[in-house]
2 protein chains.
Amino acid sequence: MDRRRTEKNDETSAQGRPTLKTLAFMTGLGVTTVSRALKDAPEIGAETRRRVQLVAKQIGYRPNRAGVRLRTGKTNVISLVLNTEQEIMSFVSDIIYGVSEVIADTPYHLIVTPYSRSQDPLDPIRYLVETGSADGVIISRTQPNDARARYMLEHGIPFATHGRTDMGLVHPYHDFDNHAFAVEAVRRLASMGRRKLALLAPPVGLTYHGHTVNGFADALSEVGASEVPFSTVSIDHSIEQIRTRTAQLMRRDIRPDGFVSSAAAATLALVAGIEDAGLKLGRDVDIVSKQSSDLLHLFRPELLIVNENFRLAGSELARSVLGWIGGAAPGSLQSLSVPGEVLAYRRSTD
Amino acid sequence: MDRRRTEKNDETSAQGRPTLKTLAFMTGLGVTTVSRALKDAPEIGAETRRRVQLVAKQIGYRPNRAGVRLRTGKTNVISLVLNTEQEIMSFVSDIIYGVSEVIADTPYHLIVTPYSRSQDPLDPIRYLVETGSADGVIISRTQPNDARARYMLEHGIPFATHGRTDMGLVHPYHDFDNHAFAVEAVRRLASMGRRKLALLAPPVGLTYHGHTVNGFADALSEVGASEVPFSTVSIDHSIEQIRTRTAQLMRRDIRPDGFVSSAAAATLALVAGIEDAGLKLGRDVDIVSKQSSDLLHLFRPELLIVNENFRLAGSELARSVLGWIGGAAPGSLQSLSVPGEVLAYRRSTD
DNA sequence: TCAATATACTGAAACGTTACAGATTGCCAA
DNA sequence: TTGGCAATCTGTAACGTTTCAGTATATTGA
């Protein structure tokens, strides 16, 4: 059953996977020459290079990852660090697919490194750095003063953040312009005559919470509308919590006639809460909501919708990390995604 | 900048990561002894073993993955093979989290290996096997006669399928009992007086399409209801397609008064189509739908819901693969998840 | 007492790769 | 002719690990 070779040389017939040694034997060259020929090193004769590459292609040679990794330290791995308690209707799959698209034609593999909310978010990063498990890292849930970004910068490992930081440190990122989103949302609500607006914001602590809150505030004063505070819940809260808090809010004398919501799942809860309070979407209140997959319009056609493309985010993040690994300047690997227009499926005038 | 050691021995002070050599030096033992001591080999003295393990823990020794992999061929990697064009509201993140949970306390890493629908689904599998990139594989979208399962069985790589096969070959799987789901769904609809039922089924070709269709048919004859054929669309079709086909169906003279739907996103489209035709959920028609995240009840409280837990599926699949890798009999690593009861949030009698 | 055996440990080799430090050849200038 | 040099190619060592084939010491049996 276990038919191992007794000879040291495997230059005979049946082999497992071809290695450099196999190629060296087939071409009559040395292992070193083959190695260099495959990576287009300058001191290899043009014909030799072609010959080696041809044979390599023919027999389907693939470099052994472990060999490369052991020798060079290069893992050819990108790690996507994810929070395990991500909410419902998660965008995670979109990001993964976006990343996959980009690394598909590279030798890179994507590993998913999870952490639970109870853990220190720095734990998985430390693990990756200490064990040298990846050449590059992608993180999300970015904070203005992000310990993970600082740590990776200090340890010299390339990374990209989904969302910006605000520490005066420069690193690649991709972000959705949530300030612009909030501004457009408020303008839209104002244009429909809504004057008392509430914001269902991202969780406090994350950078885009600030962006969203600021955009909301800026636009409020621009259009001369007022805010009904609604900061007891964020989109990170459970469906039930958002729903009950919303219902409470809507039963007060002073209640909002318009909402800006930063996430689709939260919007479902928001609508439920509004209806629990006996009010009607499109008549008593309007909502502008972000979504990452195209289904809110099915939920309630009165919803006003702005799309955020997480697949694009994944692609951009992957491109950024690979760019940094490839030696590009981190400052040149930053991108901001501008929100599209607010989409309406049925007018609130019905 | 590049302060490499000139000495061959790194037994001096500042090092990067500790290796077996480091431990050997610190303990005064040979590298071999240290290696064996760490894995509780029998021929190591009890005290030596303890001493080595203590020191290893103290200095935070972590075996170098590349070294192990090169020497032993063990990758300590599980690959999750995913279709990149997965629909909206994807369960992918749940599966990933489920897998992560299980491998968290193991040396395993999870890599995501994507393939697009245009590709041969066998491609990623071949890649994994040929390059020896993983110790175990998890696949979904399983077919009765699944070329991937056959291929992996032939090549002796442990795997688990999400969904069963029907080839007379034995391998680990986890599946949701879709036959039971369809039966319960039909019974429920029948108990509400619905007699003409339609099925929004999984895509033809996948094993659970058959299970669902059979369960549906079995229960129909059990309760004496009739079927309104609706096989022009499956849950794999786009939201728009399902919606328009549903509307067409519901405008016919003979239209269903009950639906069984195999996916939440499809149900959204189904409801939209029904309402496009001017009919009302809970009055003209009832729907029993599967869902994997808890939000359909927010969409329409009249919906009847059965939950499918994909996180559990991920965990079970991971456990199975690890079990097989660990030498368990593949036949002992099969599990079937029984659907919970049909959940109602508001009675259709309203 | 001697040999046999068990116990505890060890060095060398190998996995596949790349970097370093040559080695060989041919050509040209002096 | 000689030396120098460019152009190609090559062997060896090393990355960190495990396995193989030992070695050394203590213990046992006769």
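Every chain is numbered from 1 and lettered A, B, ... according to where its sequence line falls, protein lines coming before strand lines.
Between Leu70(B) and Thr33(B), the residue whose closest nucleotide on DNA chain C is further toward the 5' end is Thr33(B).
Checked against side-chain hydrogen bond (donor to acceptor under 3.5 Å, both in side chains), Asn64(B) has no partners two or more places apart in sequence or in another chain. In this structure, His174(A) has no ring-ring contact (aromatic ring centres under 6.0 Å, His included) partners at least two apart in sequence or on a different chain. The side-chain hydrogen bond (donor to acceptor under 3.5 Å, both in side chains) search around Asn309(B) returns none, not counting sequence neighbours. Taking Pro172(B) as the reference, Ala160(B), Ser320(B), Trp324(B), Pro330(B), Leu333(B) meet the side chain to side chain contact (heavy atoms under 4.5 Å, CB included) condition, with sequence neighbours excluded. Residues meeting the ring-ring contact (aromatic ring centres under 6.0 Å, His included) test with Phe310(A), sequence neighbours left out: Phe91(A), His162(A).
For residues 92-111 of chain B, the salt bridge (Lys or Arg N to Asp or Glu O under 4.0 Å) pairs, not counting sequence neighbours, are Glu101(B)-Arg311(B). Screening residues 47-74 of chain A for ring pair (Phe, Tyr, Trp, His ring centres under 6.0 Å) gives no qualifying pairs among residues at least two apart or on separate chains.
Distance, Phe25(B) CZ to dG16(D) P: 16 Å, rounded to whole Å. In this structure, CZ of Arg62(B) is placed 22 Å from P of dC15(D), rounded to the nearest angstrom. Going from atom CG of Leu20(A) over to atom P of dC15(D) covers 19 Å, rounded to whole Å. As rounded to whole Å, 16 Å separates atom C1' of dT10(C) from atom NZ of Lys21(B). Look at CZ on Arg69(B): it is 14 Å from C1' on dT17(D), rounded to the nearest Å. As a whole-Å value, the separation of Tyr61(A) OH from dT17(C) P is 3 Å. We find that CG of Asn64(A) is positioned 16 Å from P of dT17(D), with the value rounded to whole Å.
Heavy-atom minimum distance, Gln143(A) versus Arg148(A): N-NH2, 4.5 Å.
Looking at Gln53(A) and Asp40(A), their side chains do bring a donor and an acceptor atom within 3.5 Å of each other. Asp146(A) and Thr165(A) share no side-chain donor-acceptor pair at under 3.5 Å. A side-chain N or O of Thr113(B) and one of Ser79(B) form a donor-acceptor pair less than 3.5 Å apart.
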task: Go through the steps to decide whether Val137(B) and Ile78(B) satisfy the test side chain to side chain contact (heavy atoms under 4.5 Å, CB included), and finish with yes or no.
output: CA-CA 6 Å; Val137(B) 177; Ile78(B) 299 293; over 6 Å; no
task: Would you sort out whether Tyr115(A) and Leu82(A) count as a side chain to side chain contact (heavy atoms under 4.5 Å, CB included), showing the intermediate values?
output: CA-CA 6 Å; Tyr115(A) 68 101; Leu82(A) 289 178; 5.7 Å; no
Just the atom pairs and distances: protein N or O near nucleotides 5-7 of chain D's N or O, under 3.5 Å.
none

Between the protein and nucleotides 21-25 of chain D, list the N/O to N/O atom pairs that are separated by less than 3.5 angstrom.
none

Kindly give the atom pairs (protein nitrogen or oxygen, nucleotide nitrogen or oxygen) under 3.5 Å for nucleotides 22-28 of chain C.
none

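For Arg71(A), the listed nucleotide lying nearest its side chain is dT17(C); candidates were dT17(D), dT18(D), dT17(C). The side chain of Val31(B) lies closest to dT17(D) when the candidates are dC15(D), dT18(C), dT17(D). The nucleotide whose nearest atom lies closest to any side-chain atom of Leu29(B) is, among dG16(C), dT18(C), dC9(C), dC9(C). The nucleotide whose nearest atom lies closest to any side-chain atom of Ile44(B) is, among dT18(D), dC15(D), dC9(C), dC9(C).
Residue Gly28(B) is classed as a sugar-phosphate contact, given heavy-atom separations below 4.0 Å to backbone atoms only. In this structure, Thr72(A) reaches the sugar-phosphate backbone alone: every heavy-atom distance under 4.0 Å involves primed, P, OP1 or OP2 atoms, never a base. Residue-level contact check: Gly67(A) touches the bases, meaning some heavy atom is under 4.0 Å from a base atom.
OP1 or OP2 of dC9(C) lies within a sub-4.0 Å distance of a side-chain N or O belonging to Thr48(B). For Lys39(B) and dT18(D), the shortest distance from a side-chain N or O to OP1 or OP2 is below 4.0 Å.
Terminal axes of the helix from dT1(C)-dA30(D) to dA30(C)-dT1(D) (five pairs each, C1' rotation axis) are separated by 60°, to the nearest 10°.
Salt bridge status for Glu316(B) with Arg319(B): present, with a side-chain N to carboxylate O gap under 4.0 Å.
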Please report, to 0.1 Å, the donor-acceptor pairs under 3.5 Å made by any side chain of residues 27-38 of chain B, with sequence neighbours excluded.
| from | atom 1 | to | atom 2 | distance (Å) |
| --- | --- | --- | --- | --- |
| Thr27(B) | OG1 | Leu23(B) | O | 2.7 |
| Thr27(B) | OG1 | Ala24(B) | O | 3.3 |
| Thr27(B) | OG1 | Leu29(B) | N | 3.4 |
| Arg36(B) | NH1 | Glu43(B) | OE2 | 2.3 |
| Arg36(B) | NH2 | Glu43(B) | OE2 | 3.3 |

